[in-house]
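If you read the sequence from its start, that first residue is 1, and numbering goes on from there.
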Amino acid sequence: MFQKILIANRGEIALRVLRACKELGIQTVAVHSTADADAMHVRLADESVCIGPPAAKDSYLNVPSLLSACEITGADAVHPGYGFLSENARFAEILTEHGVHFIGPKPEHIRLMGDKIEAKRTAQKLGIPVVPGSEGALKSDQDALAVARDIGFPVLVKAAAGGGGRGMKVADTAADLPVALATARAEAKAAFGDDAVYLEKYLATPRHIEIQVLGDGRGNAIHLGERDCSLQRRHQKVLEESPSPALNASARAEIGEIVAAAMRQIKYLSAGTVEFLYQDGRFYFIEMNTRIQVEHPVTEMITDIDLVLEQIRVADGAALAIDQKDVEFHGHAIECRINAENPVSFRPSPGRIVHYHPPGGMGVRVDSAAYQGYAIPPYYDSLLGKLIVHGKTRGECLMRLKRALDEFVVDGVETTLPLFRALVRDKDVLDGAYHIHWLEAFLASGGLEE
Ligand code: ADP
């Protein structure tokens with residue numbers, strides 16, 4: 001087993017990885033920018049190394065600094081968390097070249113799934129259902145128009161290098177297409193340095209349902225059911241739950257097995273998530289994330305499987321210890337991503353937390369690096385923490401979530417807690433009757449002010 005793991009991340013996920021390491025008896029190295037010297041992940045790690053100034057490109061994305069930190073501390077493996085370098089295939093290769101293990105998928109799989117066009121092509125080859133659309137990147141506006149006419153409007157222009165919902169534009173009619181193409185290309189170029197775009201049928205009211213997988217790189221792979229992440233704002237997930245109110249056990253087993261079989265075929269290593277849109281009883285692949293995801297605790301709560309621990313085990317060469325038949329789903333879990341943002345304008349609200357009281361009690365988990373007196377720096381994303389609640393049934397889970405949200409106190413910065421308090425009282429949310437555009441409509445109709 002690894003002796004010492006360097007955690008190339010910050011915030012709640014750095015803490016999450018650190019906890020798994022401690023439970024495995026593995027030494028931990030935290031890295032931090034100068035802005036994060038007082039961060040909780042630094043305080044709790046066995047050792048810490050400052051890797052640069054506040055800007056992520058000079059610290060958390062600074063590969064030479066991270067390599068030096070490995071060298072200085074003698075770390076034999078790196079866990080990248082999510083974001084930052086977690087889906088950078090070259091980083092994984094460089095670590096290997098320096099004799100350090102990367103806790104994540106094989107570089108070729110990271111690269112394959114990072115190119116959304118290649119990913120879609122591969123998914124299709126592996127028997128995973130995909131959204132109808134162009135065969136690869138669009139060559140010209142004429143090419144786009146032909147495909148759009150063929151699949152029918154509305155269509156969605158998407159960036160091949162996409163991520164975080166950037167470089168995505170809807171065209172309702174042929175007249176809208178040239179502008180949608182030009183804006184998506186410009187956005188993609190600016191965000192990813194690559195203006196390749198492709199076209200997909202735009203699904204009007206789908207749910208976002210994703211399948212969690214785990215593989216050992218030797219051809220063993222299992223699925224751990226789904227997460228419903230349909231409550232989104234600007235294509236960013238806000239609340240996630242499992243099981244999905246829209247799936248039954250046989251639909252789950254069917255799509256789960258399709259995905260697990262695909263992962264066995266490519267000999268996938270580590271945790272991964274295959275994302276789908278789900279409409280009218282059909283699944284449409286959109287992408288695969290080759291990393292641990294923000295919403296992974298939802299799955300952990302209903303399966304009792306520690307995903308980060310499994311990532312570490314299989315990265316060390318161990319075979320998967322869990323069979324598909326050993327995976328049992330019990331109860332219901334919901335996660336709220338609580339951001340330090342104004343709950344109406346969503347403007348980030350960095351600053352000092354003067355009072356902090358997280359909820360507790362049965363079935364309540366808070367994954368957060370926040371503490372009383374902590375100053376949230378303005379340089380990074382605004383995730384303050386995740387509240388994850390488990391209940392025997394969806395109804396019990398929602399009641400528990402409601403009371404946990406009411407207990408949660410964060411003073412000194414604005415947070416999105418009021419949004420969640422409103423959501424758990426909304427009839428559609430209580431009924432599980434929502435799709436990926438529901439939250440935007442709720443916000444536009446002044447849902448919070450009511
Ligand atoms: P990104 O990598 O930028 O996150 P995704 O392909 O994962 O892009 O899509 C992000 C979100 O955009 C999805 O969760 C969904 O809300 C929306 N979306 C993507 N593809 C489609 C589509 N074909 N029709 C409707 N909405 C879509």
Axial cation check for Y434 ring with R207, 6.0 Å and 45° limits: yes
Please list, chain by chain and in numerical order, all residues satisfying ring-ring contact (aromatic ring centres under 6.0 Å, His included) with Y202, sequence neighbours excluded. H437
Do Q293 and E275 meet the criterion of a side-chain donor-acceptor pair at a distance under 3.5 Å? yes
So, using ring-ring contact (aromatic ring centres under 6.0 Å, His included) as the criterion, who are the partners of Y268 when residues are at least two apart? H109
E335: partners by side chain to side chain donor-acceptor pair (under 3.5 Å), with sequence neighbours left out: none
Side chains of R227 and H296 only: does a donor on one sit below 3.5 Å from an acceptor on the other? no
Would you please test K237 and E210 for salt bridge (Lys or Arg N to Asp or Glu O under 4.0 Å) and show each step? CA-CA 12 Å; K237 297 161 189 167; E210 56 187 35; 3.0 Å; yes
Who pairs with F283 by ring-ring contact (aromatic ring centres under 6.0 Å, His included), at least two apart in sequence or on another chain? F276, Y278
Applying side-chain contact (heavy atoms from CB on, under 4.5 Å) to E257 and not counting sequence neighbours gives A260, A261, R264
Just to verify, what does E23 make a side chain to side chain donor-acceptor pair (under 3.5 Å) with, not counting sequence neighbours? none
Output all residues satisfying side chain to side chain donor-acceptor pair (under 3.5 Å) with K267, sequence neighbours left out; order by chain, then residue number. none
Would you say E341 and S382 are linked by a side-chain donor-acceptor pair, where the criterion is simply a distance under 3.5 Å? yes
Apply side-chain contact (heavy atoms from CB on, under 4.5 Å) to A45 and list each qualifying residue two or more places apart in sequence or on a separate chain. L18, T28, A30
Run the side-chain contact (heavy atoms from CB on, under 4.5 Å) test against R185 and tell me which residues pass, sequence neighbours left out. D141, L181, D195, V197
Set of side chain to side chain donor-acceptor pair (under 3.5 Å) partners for E200, sequence neighbours left out: K120, K158
Please list, chain by chain and in numerical order, all residues satisfying ring-ring contact (aromatic ring centres under 6.0 Å, His included) with Y380, sequence neighbours excluded. Y60
Residue pairs involving residues 94-105 (criterion side-chain hydrogen bond (donor to acceptor under 3.5 Å, both in side chains); sequence neighbours excluded): R90-E97
